[in-house]
**Q** 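Quick one: the structure is below, questions incoming.
None of the values given here were measured: they were computed from a predicted structure. Reminder, nothing fancy here: chain letters follow the sequence lines and each chain counts from 1.
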Amino acid sequence: MRNLLPTFFYLGFVCTFPLQVLSAPMSYKGSNTTMIDFSKHYSKIDSGYALTAKDTLGLKLFRAKGEGYELQGEEFYYLRRLGRINDIKSQSNLWLFLSTGMIDIKKNNASDDEFYLSPALQADYETRRIYVMGSYQLMRPAGYNFDTSKMKAGFSFYKTSYEETQPWFILELSHTNRLSEKLEVIPTLRLINKALYFEAGISTEGDPKLHLMYTF
Amino acid sequence: MKKLTCLFLLFVSLHSLAATQRVEIMGMVCAFCAQGIEKSLQTIDDVDDIYINIDNYFVVIDSTSEKGIPDEMIKNIIVDAGYDVKKIELIDESVKNVRAQYEKK
């Protein structure tokens with residue numbers, strides 16, 4: 001299954017682009033977007049500044065572990081909105097992330113500090129009630145393969161006004177090469193209230209996961 | 001009494017100089033998108049009040065300027081926030097009235 005996931009994403013991207021399927025990790029020009037992720041296997045904090053409506057520069061610190069590996073990285077990233085289709089009732093985006101930094105890879109008491117360059121593509125599509133997202137990140141420091149593929153899809157329980165908190169159900173599928181044998185399946189509750197974006201989920205393995213995003 | 005009359009006339013004249021614009025926005029599908037638009041519009045000096053309706057994909061702007069905010073300025077600010085403008089029009093109702101109208105529903 002995991003070997004098929006990149007192919008699945010590729011086909012997914014190819015199929016969805018012509019349908020204008022593609023929303024996301026940056027806000028208006030001059031804004032700061034800060035994100036925190038916390039789970040048993042992956043934690044991160046990152047903060048980016050939007051230079052324009054299409055370009056963000058940021059810093060990220062992360063830790064990941066699984067299958068005997070422990071990774072710890074610090075990176076500088078550039079995020080480019082390659083395309084957006086704004087329709088009256090939907091928004092579709094294609095995003096490019098370019099990250100560079102140092103990663104500490106630990107396994108069996110051995111430790112490697114490696115420089116890395118990591119590109120990632122994300123496509124998403126959102127309406128008032130539906131959300132779909134797919135992403136693929138290449139992460140190959142010094143011959144290791146920690147590529148991550150992710151897909152999220154969900155719906156909002158009901159529409160809310162601008163002042164109210166809107167609840168969503170999102171199903172997330174995630175896999176990172178070498179760090180997990182299985183595809184991680186995470187049913188998630190998402191709450192959006194203006195500049196605050198919160199997600200809490202529990203994977204089918206019983207691992208809780210939290211995500212917080214705030215723009216100012 | 002004279003002072004009160006003057007204050008009343010001043011209020012009436014200021015109010016008559018104000019304008020309200022309704023802007024239809026493409027891509028504004030969630031509160032997270034809308035807050036970016038609201039914060040960007042609040043950077044315009046003449047903006048007095050803003051009402052956002054994400055269900056009907058529009059924003060209403062009260063300004064202290066007689067002719068309203070120039071369309072091109074609104075358009076540029078919304079594009080810089082990452083969205084597109086479908087239509088901008090001057091309306092007779094104020095933000096307060098439009099808000100009351102939609103919040104009743």
**Q** Which pair of heavy atoms, one from B:Gln35 and one from A:Lys194, lies closest together, and at what distance?
**A**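 Reported closest heavy-atom pair: CG-C, 3.5 Å.
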
**Q** Need one label for B:Ile25: side chain, backbone, both or neither, based on atoms under 4.5 Å from any heavy atom in chain A.
**A**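 For B:Ile25, the contact with chain A is made by the backbone alone.
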
**Q** Can you tell me if CG on B:Asp92 sees more than 12 non-hydrogen neighbours from other groups inside 6.0 Å?
**A**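 Atom CG in B:Asp92 is not packed in, count stays at 12 or less.
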
**Q** Checking heavy atoms, do the side chain of A:Arg81, its backbone, both or neither come under 4.5 Å from chain B?
**A**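 Contact with chain B involves the side chain of A:Arg81 alone.
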
**Q** Atom CZ of A:Arg129 and atom SG of B:Cys30: how far apart are they, to the nearest 0.5 Å?
**A**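 Those atoms lie 14.0 Å apart.
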
**Q** What's the separation between atom CG in A:Asn86 and atom CE in B:Met28, rounded to the nearest 0.5 Å?
**A**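 One gets 11.0 Å once the value is rounded to the nearest 0.5 Å.
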
**Q** Quick check: closest heavy atoms across B:Val29 and A:Arg128, and the distance to 0.1 Å?
**A**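 That would be O-CD, 3.1 Å.
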
**Q** To the nearest 0.5 Å, how far apart are CD1 in A:Ile192 and SG in B:Cys33?
**A**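 Answer for the CD1-SG pair, A:Ile192 versus B:Cys33, is 8.0 Å.
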
**Q** Honestly, is A:Arg84 close enough over B:Tyr83, meaning NZ or CZ under 6.0 Å from the six-membered ring centre and within 45° of the axis?
**A**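 Geometry flag: set, cation within 6.0 Å and 45°.
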
**Q** With rounding to the nearest 0.5 Å, note down the distance linking CD1 in B:Ile54 to CD in A:Gln166.
**A**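 Here the rounded value is 6.0 Å.
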
**Q** Is the count of non-hydrogen atoms from other residues, nucleotides or ligands lying under 6.0 Å from A:Phe38 atom CZ greater than 12?
**A**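 Atom CZ in A:Phe38 is not packed in, count stays at 12 or less.
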
**Q** State whether the number of non-hydrogen atoms from other residues, nucleotides or ligands found under 6.0 Å of A:Arg63 atom CZ is greater than 12.
**A**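 Atom CZ in A:Arg63 is not packed in, count stays at 12 or less.
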
**Q** Side chain to side chain contact (heavy atoms under 4.5 Å, CB included) between A:Ser31 and B:Lys39: does it pass, once the steps are laid out?
**A** CA-CA 9 Å; A:Ser31 63; B:Lys39 285 182 181 166; over 6 Å; no

**Q** In this structure, are over 12 heavy atoms from other groups packed under 6.0 Å from A:Ile202 atom CD1?
**A**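 No, not enclosed.
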
**Q** With a 4.5 angstrom heavy-atom cut-off, is it the side chain or the backbone of A:Lys54 that approaches chain B, or both, or neither?
**A**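 Neither part.
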
**Q** Do other residues, nucleotides or ligands put more than 12 heavy atoms under 6.0 Å from A:Met102 CE?
**A**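 Counting neighbours around CE of A:Met102, more than 12 heavy atoms of other residues, nucleotides or ligands fall under 6.0 Å, so yes.
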
**Q** Counting neighbours of NZ on A:Lys60 that are heavy atoms of other residues, nucleotides or ligands and sit closer than 6.0 Å, is the number greater than 12?
**A**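 Result for NZ/A:Lys60: enclosed.
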
**Q** Step through the shown structure and confirm whether more than 12 heavy atoms of other residues, nucleotides or ligands are within 6.0 Å of NZ on A:Lys29.
**A**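 At most 12 heavy atoms, drawn from other residues, nucleotides or ligands, come within 6.0 Å of this atom.
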
**Q** Between atom OH of A:Tyr214 and atom CZ of B:Phe32, what is the distance when rounded to the nearest 0.5 Å?
**A**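 Reported to 0.5 Å precision, the distance equals 10.5 Å.
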
**Q** So which bits of residues 153-163 of chain A come within less than 4.5 Å of chain B, counting non-hydrogen atoms only?
**A**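 The residues closer than 4.5 Å to chain B, in numerical order, are A:Lys159, A:Thr160, A:Ser161, A:Tyr162.
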
**Q** Could you have a look at B:Ala81, B:Ala34, B:Gly82 and say which one has the most heavy-atom pairs with chain A under 4.5 angstrom?
**A**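 When all of B:Ala81, B:Ala34, B:Gly82 are compared, B:Gly82 has the most.
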
**Q** Give, for atom CD1 of A:Ile88 and atom CD of B:Glu24, the distance between the pair rounded to the nearest 0.5 Å.
**A**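 CD of B:Glu24 is found 5.5 Å from CD1 of A:Ile88.
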
